[in-house]
Protein chains: 2
Amino acid sequence: MDEPFTPPSTEIVAVWTALMRASRHLRDAVEADLKQAGLPPLDWYDVLWEIEQAPDGIRPNALEPRLLLPQYGLSRLIARLVAAGYVTRRPSPGDRRGQLLHLTEAGRSVRRAMWPVYGAALTRSFVGTAAEAEAPRLAALLNGLTGKAPRPQAPIA
Amino acid sequence: MDEPFTPPSTEIVAVWTALMRASRHLRDAVEADLKQAGLPPLDWYDVLWEIEQAPDGIRPNALEPRLLLPQYGLSRLIARLVAAGYVTRRPSPGDRRGQLLHLTEAGRSVRRAMWPVYGAALTRSFVGTAAEAEAPRLAALLNGLTGKAPRPQAPIA
DNA sequence: CCGATATTGATGCAGTTGCATTTACATGGA
DNA sequence: TCCATGTAAATGCAACTGCATCAATATCGG
């Protein structure tokens, strides 16, 4: 029943290594900029952003698939955000297991402070590369890899 | 002196998010397969591979830039590989600070055992996607992002 | 040769992650 | 109603990471 194992083509291997290198490289660059600006790490941004997009609050389990984080990872990340005073937990109406997350003023503020640093790092990374000119095609190809729909999620503003 | 901050274009943001999602997704998939097969994590493969490519041994500081790992990260990873019996450290001739890393038989063997699982996960991830057909272009675009030359490094064989 | 400086690799510590399990509540069926 | 099962979120523990620093060389200038 075992397939005899068809190795991936060299082209696929080349894409794979390029993908791993590029993503690590870019992420490291952004993280470094944030840290050097005395701002929280990249993960925080995404969570703050998602919560901000939900003015009526959002539950952790709704956040989880959007952020591609494991349940316990998100749980602890939220705990840190709460400890930092950026997020509040409120009881979830109708389900006492759940909680509704809201941003505090400080949360909104730090998210806004992060964006210029974040965005500048992105701009710096892409401008002048071939990837900039071909961005739409590149995005489409990458999205094709993750199975399904390109999430509406975007760290804009 | 501060630039007024030009936000990245929506196209760049789209590429960025697609890149982050795709890379995490694929890496998770490969890691999951390796773990489920009772094999070591992906990082180990790269190190084992690089050491295997150097029949006369290689020094950690030479490995470091190839693997995009921080010095202390590599140091401890090597320590784990040594503890697992996959790698040996030998004194580096001519520089008593350094060490020469060699693969043991077990190391060669586990690296070989990982490859089918690793490769199959890659194949599964790419086959049938648009990225497969456009692999060379995609790789070129991604390599354009990491500044310089596309390393000869490839996890083949 | 000597001392200042640079390089190689390791390590103590605090913070973070993965894994498995736990606690609390919800839901559906007898 | 009561129990079995399912879901939401948290947590104990071990492993791993980042950061700063260290010890042991090596190298370079005088």
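Model, not experiment: these values are computed from the prediction.
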Starting at [atom1] of [X] and ending at [atom2] of [N], how long is that distance when rounded to a whole Å?
X: B:Asp28; N: C:dT17; atom1: CG; atom2: P; result: 13 Å
X: B:Glu64; N: C:dT8; atom1: CD; atom2: C1'; result: 10 Å
X: B:Arg80; N: C:dT11; atom1: CZ; atom2: P; result: 13 Å
X: B:Ile78; N: C:dA10; atom1: CD1; atom2: C1'; result: 11 Å
X: A:Tyr72; N: C:dT22; atom1: OH; atom2: P; result: 17 Å
X: B:Leu69; N: C:dG9; atom1: CG; atom2: C1'; result: 15 Å

Under a single-linkage definition using a 4.5 Å side-chain heavy-atom cutoff for Ile, Leu, Val, Met, Phe, Trp and Tyr, are A:Leu68 and A:Ile78 assigned to the same hydrophobic cluster?
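No; tracing contacts between hydrophobic side chains, which count when under 4.5 Å, never links both residues.
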
Of all residues at least two apart in sequence or in a different chain, which pass the side chain to side chain donor-acceptor pair (under 3.5 Å) check with [X]?
X: B:Glu31; value: B:Arg27
X: B:Ser109; value: none
X: B:Arg97; value: B:Asp95
X: A:Arg108; value: A:Glu105

All pairs passing salt bridge (charged side-chain N to carboxylate O under 4.0 Å, His left out) where residues 69-85 of chain B contributes a residue, at least two apart
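Matches after skipping sequence neighbours: none remain.
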
Can you list every salt bridge (charged side-chain N to carboxylate O under 4.0 Å, His left out) pair that touches residues 115-128 of chain B, not counting sequence neighbours?
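Salt bridge (charged side-chain N to carboxylate O under 4.0 Å, His left out) check on residues 115-128 of chain B returns B:Asp33-B:Arg124.
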
B:Val13 backbone acceptor or donor facing B:Thr17 side chain under 3.5 Å:
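Judged by distance alone, yes, a pair lies under 3.5 Å.
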
Nearest-nucleotide wise, let me know which of A:Ser75 and B:Gln71 is further upstream toward the 5' end of DNA chain D.
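Taking each residue's closest nucleotide, the earlier one in sequence belongs to A:Ser75.
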
Quick one: on DNA chain D, does B:Pro70 or A:Pro60 contact a more 5' nucleotide (nearest heavy atom)?
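Result: A:Pro60.
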
By the 4.0 Å heavy-atom rule, please label B:Gly98 as base, sugar-phosphate, or nothing.
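Contact class for B:Gly98: sugar-phosphate only.
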
Span of DNA chain D in contact with chain B (heavy atoms, under 4.0 Å)
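Taking any atom under 4.0 Å from a heavy atom of chain B, the span is D:dC16 to D:dA26.
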
I need the full list of side-chain hydrogen bond (donor to acceptor under 3.5 Å, both in side chains) pairs touching residues 129-142 of chain B, with sequence neighbours left out, sorted by first then second residue.
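The answer is A:Glu134-B:Arg137, A:Arg137-B:Glu134.
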
Taking for each residue the nucleotide of DNA chain C bearing the nearest heavy atom, is the 5' side occupied by A:Leu77 or by A:Arg96?
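Going by which nucleotide is closer to the 5' end, it is A:Leu77.
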
Beyond-backbone contact of B:Pro7 with A:Thr123, side-chain heavy atoms, under 4.5 angstrom
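Not touching, per the 4.5 Å side-chain cut-off.
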
Set of residues satisfying side chain to side chain contact (heavy atoms under 4.5 Å, CB included) with respect to B:Ala106, sequence neighbours excluded:
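Only B:Tyr86, B:Thr104 meet the side chain to side chain contact (heavy atoms under 4.5 Å, CB included) criterion with B:Ala106.
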
Near DNA chain C, which residues from residues 30-39 of chain A have a heavy atom under 4.0 Å away?
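The stretch gives none, as no residue of it lies under 4.0 Å from the strand.
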
Tell me which residues in residues 81-95 of chain A lie within less than 4.0 Å of DNA chain C, going by non-hydrogen atoms.
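Heavy-atom contacts with DNA chain C come from A:Asp95.
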
Would you give the length of the straight line joining atom CZ of A:Arg111 to atom CG of A:Asp46, rounded to the nearest 0.5 angstrom?
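One gets 11.0 Å once the value is rounded to the nearest 0.5 Å.
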
I need the B:Ile51 CD1 to B:Leu63 CG distance, nearest 0.5 Å.
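Separation between the atoms: 5.5 Å.
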
Distances under 3.5 Å between nitrogen or oxygen atoms of protein and nucleotides 2-7 of chain C:
from  : atom 1 : to      : atom 2 : distance (Å)
C:dT7 : O2     : B:Arg97 : NH1    : 2.7

Is it the case that the base of C:dG18 and the side chain of A:Arg76 share a donor-acceptor contact (distance under 3.5 Å, atom types as modelled)?
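Side chain to base: pair present.
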
Using the six-membered ring wherever Trp is involved, compare the ring planes of B:Tyr45 and B:Trp49 and label them parallel, tilted or perpendicular (cut-offs 30° and 60°).
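The arrangement is parallel - the two ring planes meet at less than 30°.
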
